[in-house]
Amino acid sequence: MSRIGKKPVAIPSGVTANIADGTLSVKGPKGILSLQLADEVTYDVQADGISVQPANETKRARAFWGMQRTLVQNLVTGVTEGFSKKLLITGVGYRAAAQGKKLKLQLGYSHDVDIDVPEGLEVKTPDNTTVEISGADKQKVGQLAAEIRRWRKPEPYKGKGIKYDGEYIFRKEGKKK
């Protein structure tokens with residue numbers, strides 16, 4: 001039994017949800033998000049919340065149950081509060097600057113790295129070593145953060161690179177004479 005799946009997803013005031021053509025659409029103050037519904041799970045939209053139940057007693061249906069409930073929860077949270085990730089840049093000469101719908105990174109390469117910001121996301125640089133990504137879709141926010149981090153992963157000797165805020169980098173001792 002899924003402990004997460006048993007709980008219905010609460011719908012706060014100002015948010016509406018409806019099911020049409022195999023798609024769950026959730027509308028709120030931050031926009032509209034939708035999710036393709038899985039056949040293994042049944043969804044029930046009521047005034048107080050959205051409940052998710054397995055359609056049958058197969059192993060696949062039980063495996064999808066908790067995950068689909070969490071995806072529905074992410075839709076509701078996204079249209080009400082939104083999601084954000086913070087990246088920290090460490091290294092001499094490493095910096096970032098947000099310019100409209102582009103993010104310009106200087107990461108020690110012979111050229112600057114320009115990253116296009118997808119529709120629905122917002123990138124801010126409060127200072128030149130911090131990048132804040134925010135948006136309603138949790139998957140898009142995490143994907144953009146991972147793509148930015150991939151340009152310079154933090155290395156274990158000096159700690160240079162791009163890391164998530166709160167991420168611990170295991171440090172190694174250097175070579176000794």
Side-chain angles (χ1 to χ4, degrees), residues 1-7 9-10 12 26 28 30-31 33-36 38 40-41 52 59-60 62-177:
M1 287 295 269
S2 173
R3 284 186 256 180
I4 293 174
K6 287 181 192 176
K7 299 178 193 169
V9 177
V26 179
K30 296 226 179 220
L33 292 176
S34 60
L35 171 70
Q36 285 296 109
E40 291 85 1
V41 179
V52 179
K59 190 172 184 176
R60 184 173 168 87
R62 286 192 317 250
F64 270 65
W65 183 17
M67 180 191 68
Q68 290 296 315
R69 191 258 181 212
T70 303
L71 292 175
V72 171
Q73 176 68 52
N74 288 343
L75 294 182
V76 173
T77 305
V79 297
T80 54
E81 303 164 19
F83 294 98
S84 66
K85 286 237 183 224
K86 188 174 180 184
L87 298 169
L88 305 174
I89 301 172
T90 309
V92 177
Y94 290 9
R95 53 176 114 17
Q99 299 169 341
K101 280 291 185 183
K102 284 202 179 282
L103 178 67
K104 184 181 276 305
L105 299 170
Q106 294 175 342
L107 299 172
Y109 295 116
S110 61
H111 58 283
D112 291 350
V113 176
D114 289 333
I115 297 174
D116 293 323
V117 178
E119 193 66 36
L121 296 184
E122 184 181 340
V123 175
K124 290 187 253 178
T125 51
D127 57 59
N128 60 4
T129 59
T130 306
V131 177
E132 292 177 355
I133 305 164
S134 58
D137 192 346
K138 185 174 186 175
Q139 194 273 332
K140 284 184 180 178
V141 170
Q143 183 65 36
L144 181 61
E147 287 172 6
I148 293 170
R149 184 179 186 271
R150 190 173 57 202
W151 281 97
R152 279 277 192 220
K153 289 184 181 169
E155 54 96 15
Y157 296 101
K158 292 184 179 178
K160 290 170 50 174
I162 303 172
K163 68 175 188 169
Y164 296 114
D165 187 26
E167 178 183 11
Y168 176 74
I169 305 301
F170 181 74
R171 301 297 294 272
K172 293 181 179 178
E173 191 174 349
K175 215 163 62 167
K176 292 184 180 165
K177 287 189 175 184

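In this chain, numbering begins with 1 at the start of the sequence shown.
Nearest approach of G135 to V141, heavy atoms of both residues: N-CG2, 3.7 Å. Between Y109 and W151, the closest heavy-atom pair is OH-O, 2.7 Å. Here the shortest heavy-atom pairing between E167 and K163 reads OE1-CB, 3.3 Å. The two residues L103 and A96 come nearest to each other via the heavy atoms CD1-CB, 4.4 Å. In plain terms, the two heavy atoms of L75 and S34 that are nearest each other are CD2-O, 4.1 Å. When every heavy atom of K30 is checked against every heavy atom of G78, the shortest pair comes out as CB-O, 3.8 Å.
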Self-check item: Derivation and outcome, side chain to side chain contact (heavy atoms under 4.5 Å, CB included), residues V123 and I148
Solution: CA-CA 11 Å; V123 175; I148 293 170; 5.5 Å; no
Quiz item: Is there a side chain to side chain contact (heavy atoms under 4.5 Å, CB included) between L35 and V26 once you walk through the steps?
Solution: CA-CA 9 Å; L35 171 70; V26 179; over 6 Å; no
Practice problem: Check the pair L88 / I162 against side chain to side chain contact (heavy atoms under 4.5 Å, CB included), numbers first and verdict last. | Solution: CA-CA 6 Å; L88 305 174; I162 303 172; over 6 Å; no
Quiz item: Do Q99 and D114 pass the side chain to side chain contact (heavy atoms under 4.5 Å, CB included) test, and can you show the C-alpha distance, the side-chain angles, and the key distance before you say yes or no?
Solution: CA-CA 10 Å; Q99 299 169 341; D114 289 333; 5.7 Å; no
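Going from atom CG of L107 over to atom CZ of R95 covers 10.5 Å, rounded to the nearest 0.5 Å. Considering CG of D165 and CD of E132, their distance stands at 9.0 Å, rounded to 0.5 Å. A distance of 7.0 Å separates CG of L144 from CD1 of I115, quoted to the nearest 0.5 Å. Taking CD1 from I169 and NZ from K160, the interatomic distance works out to 14.5 Å, rounded to the nearest 0.5 Å. The line from NZ of K175 to OH of Y157 is 10.5 Å long, rounded to the nearest 0.5 Å. Annotation: the span from I89 atom CD1 to T129 atom OG1 amounts to 7.0 Å, rounded to 0.5 Å.
A donor-acceptor pair under 3.5 Å is absent between the side-chain atoms of Y94 and the main chain of R152, judged by distance alone. Between the side chain of R149 and the backbone N or O of Y164 there is no donor-acceptor pair closer than 3.5 Å. Under a 3.5 Å cut-off, the side chain of R171 and the backbone N or O of K158 do form a donor-acceptor pair.
Atom NZ of K138 is surrounded by 12 or fewer heavy atoms from other residues, nucleotides or ligands within 6.0 Å. For K102, the NZ atom counts as densely surrounded, since its 6.0 Å shell holds more than 12 non-hydrogen atoms of other residues, nucleotides or ligands.
Here the rule is side-chain contact (heavy atoms from CB on, under 4.5 Å) with L121, and of K101, K140, Q143 only K140 fits it.
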